Amino acid sequence: FSLYAQNYSVTGKIILADKSPAAFAAVSVLSVPDSTLIKGITTDIDGFFKVDALQAGKYLLKVQSLGFKDYYSNVFSLSDTESEKRMGLI
């Protein structure tokens with residue numbers, strides 16, 4: 001008998017309109033359909049983020065940065081066939 005816990009994650013880079021990195025922006029993973037906060041982090045100085053230790057399911061990202069309008073991603077899924085979602089540049 002063994003337990004295997006899949007580690008699901010989402011990664012990306014937040015950039016501003018002038019293509020500079022959005023350092024220390026708040027990135028929240030919200031569950032779908034109720035938008036419950038699952039986990040939140042901040043981007044690093046280069047705008048990169050990785051949220052891990054997620055469970056399989058449907059999510060969306062909310063990105064907040066002081067002085068900018070909140071950004072919401074499209075809904076995405078994490079599953080056994082896609083354990084890491086690479087969002088790319090946001």
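Not measured: the values here are computed from a predicted model.
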How many angstroms lie between atom CG of Asp44 and atom CZ of Phe24, to the nearest 0.5 angstrom? 7.5 Å
Write out all pairs satisfying salt bridge (charged side-chain N to carboxylate O under 4.0 Å, His left out) with one or both partners inside residues 48-66, taking only residues at least two apart or from two chains. Lys39-Asp52, Lys62-Asp70
Flag yes if more than 12 heavy atoms outside Leu37 fall under 6.0 Å of its CG atom; otherwise flag no. yes
To the nearest 0.5 Å, what is the distance between CE on Met87 and CG on Leu61? 4.5 Å
Within this structure, what is the OH-CD distance for the pair Tyr8 and Glu84, rounded to the nearest 0.5 Å? 13.0 Å
Applying side-chain contact (heavy atoms from CB on, under 4.5 Å) to Val51 and Phe49, what does each step give before you reach the verdict? CA-CA 7 Å; Val51 184; Phe49 69 90; 4.2 Å; yes
Taking Tyr59 as the fixed residue, which of Leu30, Val10, Ile38 is the one that meets the side-chain contact (heavy atoms from CB on, under 4.5 Å) rule? Ile38
For residues Ala25 and Ser65, report the shortest heavy-atom separation together with the two atoms involved. CB-CB, 4.1 Å
Do you see a donor-acceptor pair shorter than 3.5 Å between the side chains of Asp34 and Ser31? yes
Where Leu78 and Ser83 come nearest, the two heavy atoms and their spacing: CD2-O, 4.0 Å
Could you check Val27 against Tyr71 for side-chain contact (heavy atoms from CB on, under 4.5 Å), going step by step and ending with a plain yes or no? CA-CA 10 Å; Val27 178; Tyr71 166 84; over 6 Å; no
Could you list the donor-acceptor pairs under 3.5 angstrom formed by side chains in residues 12-19, with sequence neighbours left out?
residue : atom : partner : partner atom : Å
Asp18   : OD1  : Ser20   : N            : 2.9
Asp18   : OD1  : Ser20   : OG           : 2.6

Check for a donor-acceptor pair, side chain of Thr43 on one end and backbone N or O of Ala22 on the other, with a separation under 3.5 Å. yes
Would Ser77 and Ser79 count as having a side-chain donor-acceptor pair, cut-off 3.5 Å? no
Just so I know, are the side chains of Thr11 and Lys85 near enough to count as touching, which here means a heavy-atom distance under 4.5 Å? no
Are Phe76 and Ile41 co-members of a hydrophobic cluster defined by side-chain heavy atoms under 4.5 Å apart? yes
